[in-house]
Amino acid sequence: MRTSQMLIPTLRDDPGEAETVSHRLMLRAGMIRKVAAGVYTYLPLGLRVLRKVEGIVREEMNRAGAQELLMPIASPAELWRETGRWDFYGKELFRFKDRHERDFCLGPTHEEVITDLIRREVRSYRQLPLNCYQIQTKFRDEIRPRFGLMRGREFIMKDAYSFDKDEEGAKLSYQKMYDAYQRIFARCGLTFRAVEADTGLIGGSSSHEFMVLAETGEETIVYADGGTYAANVERAEVLPPAEASTEPLRPLRKVATPGARTVAEVCAFLNVSPQQLVKTLLYKTPKEIVAVLIRGDHEANEVKLKKLLGVTDLELADPETVAKTTGAPVGFAGPIGLKNVRILADQSVAVMRNLVAGGNEANHHYVDANKDRDFAGVQVADLRNALVGDVSPRGDGRLKIAKGIEVGHVFMLGTKYSKAMGSAFLDPQGQERLAVMGCYGIGVSRTAAAAIEQNHDAKGIIWPVPIAPFHVHLLPLSQSDAVQKQAKILYDQLGQAGIEVLWDDRDERAGVKFNDADLIGAPLHLVIGEKGLAQGQVELKARRTGTVTKLPPAEVPVTVKTRLSDKDPATGS
RNA sequence: CGGGGCGUAGCGCAGCCCGGUAGCGCGCCUGCUUUGGGAGCAGGAUGUCGGAGGUUCAAAUCCUCUCGCCCCGACCA
């Protein structure tokens with residue numbers, strides 16, 4: 001393609017609206033433009049990258065035995081009412097009415113639609129297993145869209161749904177997808193990690209998220225430094241403490257702690273460490289108010305808490321509720337004397353002795369409090385976030401923490417949807433059985449953004465070869481006949497060799513072309529200059545390393561092919 | 001939804017406090033020169049100052065309402 005014939009509106013300055021690297025660079029490189037919050041137009045360059053990612057996804061899905069279909073973006077409320085998700089999904093579901101006042105939504109995911117199809121069309125075990133996927137625009141009315149394509153309200157997703165006749169088959173389908181995902185993200189040139197994950201709104205029995213490792217990631221993951229365990233921190237299990245305190249119990253005292261509300265303030269005032277302190281968090285669920293005891297230096301894990309309580313709605317209680325429940329303002333809640341409230345404690349709290357806790361009275365705390373002696377009826381569970389240095393729950397070392405971008409998520413669904421919607425088939429015995437399902441998502445547009453987060457420098461994007469919008473950026477530096485002719489020859493030769501070339505045929509200065517090329521980030525830059533050409537040489541530059549190779553034009557096609565092959569470190573593929 | 005901030009030329013911003021009829025840099029157009037890392041000179045075009053209402057002789061500037069966007073948090077395959 002010739003630059004002069006493509007819409008590639010690069011920007012010199014960083015747009016004010018973008019903070020994140022990928023968002024900024026995609027805008028500056030002329031790949032995307034915003035239409036509304038979280039809604040973007042993909043310009044030709046951006047679309048080419050999406051198509052590359054889609055191509056890899058499609059190949060690997062097909063290879064794994066899945067078949068492509070395409071479902072509608074709009075779906076009727078009735079289907080969503082069958083599974084209860086019309087109410088359950090909440091505000092994130094983009095809803096609208098047609099002219100007959102019938103409720104519809106824009107699909108955020110398609111379990112209902114696919115299950116509706118399969119229950120109609122699949123009646124025999126002979127038709128199973130089945131795995132159908134689509135690559136499609138999805139809509140989620142995110143509370144806060146951000147970071148460009150990273151968290152849009154409209155985005156492109158590959159979603160696959162497997163149907164099996166039994167649990168065993170479903171596990172196999174799941175494993176196939178898991179393996180396919182490994183290949184997909186590896187082929188995209190990403191550094192990533194599969195981690196155990198929570199199943200959230202989709203539901204099901206177990207799941208793994210595929211995380212692209214990046215500082216800017218919105219997810220926190222933990223992994224064992226000595227083995228294979230890795231999990232989203234939402235999900236990561238924490239082992240019970242290895243040893244309990246053996247300190248002799250001291251008598252309980254109530255002391256004045258004027259104005260000391262936060263852990264830091266109380267610790268400073270009483271001259272104790274956060275490890276000796278217990279914070280009492282009051283949570284509100286639709287059913288009840290619960291008090292949660294967490295050690296001062298730990299963080300409560302609301303996902304674990306929700307699971308334990310069997311609720312999906314959970315929030316910290318407002319100050320009035322706290323006051324009404326504890327008889328004290330926020331900052332002085334404690335387990336001692338707390339009435340009419342279920343009390344939960346994290347495992348680490350259960351082994352503490354002589355702890356400090358709120359006094360349920362303004363400006364007072366208890367010192368040397370002890371479970372069972374001073375407060376009882378406490379349910380102990382794993383309720384905190386895992387921390388750096390915790391022992392891995394699989395015993396393979398200690399935990400470390402990293403940030404990740406969730407680009408894929410595989411779920412074992414079981415019969416949640418087939419049961420709700422009656423997707424059944426007849427087994428060889430003529431018995432009716434429910435399909436066992438799995439679902440598997442990949443954020444295609446997010447993957448493109450994640451690739452930039454992981455592959456860039458101060459000058460711009462550095463595309464991994466397999467998803468680069470172009471392989472070679474051809475930069476003739478002069479409008480002279482000799483240079484232009486040589487450019488045309490190389491452009492044609494490379495094109496015939498199946499290499500995608502972006503030819504900067506603009507009458508711009510060298511600096512402008514170099515800077516745009518660095519910004520756009522094709523893996524190889526082919527520079528044709530007047531002087532070099534007079535000596536029979538052109539230059540091939542690796543975007544990632546900046547390494548320049550001078551070579552005669554005749555050698556370009558072969559050299560480029562070699563460089564683009566995935567073994568060459570200079571292109572970083 | 002809570003907190004913070006921003007809407008002025010295609011992009012980045014100043015002007016607003018203290019009202020007097022809009023400016024800077026980059027980009028864009030024309031010409032000449034230049035031509036290996038965002039050229040120089042000369043000339044030129046471009047704004048419902050997010051929108052509506054109000055105050056005033058006069059509003060980008062003050063007041064009210066409203067819409068949009070960004071950041072932090074809560075939330076989320």
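We name chains A, B, ... by the order of the sequence lines, and we start the count at 1 in each one.
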Contact list for residues 130-139 of chain A, test salt bridge (Lys or Arg N to Asp or Glu O under 4.0 Å), sequence neighbours left out = A:K138-A:D159

request  = Could you measure between the two P atoms, the one in B:C70 and the one in B:G27, and give it in whole Å?
outcome  = 28 Å

ask   = If the C1' atom of B:C28 is compared with that of B:G12, how far apart are they to the nearest Å?
value =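 Going atom to atom, C1' in each nucleotide, I get 15 Å.
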
ask   = For B:C6, which nucleotide in any strand shown is its Watson-Crick or wobble partner with both distances under 3.5 Å?
value =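 With both distances under 3.5 Å, B:C6 matches B:G68.
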
ask   = Which residue pairs pass the side-chain hydrogen bond (donor to acceptor under 3.5 Å, both in side chains) test when at least one of the two sits in residues 36-46 of chain A, sequence neighbours left out?
value =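 Found A:H23-A:Y40.
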
message = For A:E111 and A:R85: C-alpha separation, side-chain torsions, deciding distance, then whether salt bridge (charged side-chain N to carboxylate O under 4.0 Å, His left out) applies.
response = CA-CA 10 Å; A:E111 284 79 8; A:R85 286 211 294 187; 2.7 Å; yes

When you measure only distances, ignoring hydrogens and angles, does the side chain of [X] come within 3.5 Å of the base of [N] through a donor and an acceptor?
| X | N | answer |
| --- | --- | --- |
| A:K541 | B:G37 | yes |
| A:R144 | B:C75 | no |
| A:E539 | B:G36 | yes |

key: Proximity to RNA chain B (any heavy atom under 4.0 Å), residues of residues 8-17 of chain A only   =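 Within residues 8-17 of chain A, the residues near RNA chain B are A:R12, A:D13, A:D14, A:P15, A:G16, A:E17.
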
If you restrict it to nitrogen or oxygen atoms, what contacts under 3.5 Å exist between nucleotides 33-35 of chain B and the protein, and what is each distance?
| unit_1 | atom_1 | unit_2 | atom_2 | d |
| --- | --- | --- | --- | --- |
| B:U34 | O2 | A:R509 | NH1 | 2.7 |

request  = Using distance alone, with no hydrogens and no angle criterion, decide if A:T83 and A:Y417 have a side-chain donor and acceptor under 3.5 Å apart.
outcome  = no

remark   = The nucleotide from B:C72, B:G37, B:C76 with an atom nearest the side chain of A:R146 is B:C72

message = If the condition is salt bridge (charged side-chain N to carboxylate O under 4.0 Å, His left out), which residues does A:E17 pass it with, not counting sequence neighbours?
response = A:K34

key: Contact letters for nucleotides 41-50 of chain B, in which S counts primed atoms plus P, OP1 and OP2 and B counts the base, heavy atoms under 4.0 Å   = ----------

query = Hey, does A:K34 reach any base, or is it just sugar-phosphate, or nothing, if we go heavy atoms under 4.0 Å?
reply = sugar-phosphate

query = Below 4.0 angstrom, N of the basic side chain to O of the carboxylate: do A:D457 and A:K459 qualify?
reply =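 Salt bridge flag = no for A:K459 with A:D457.
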
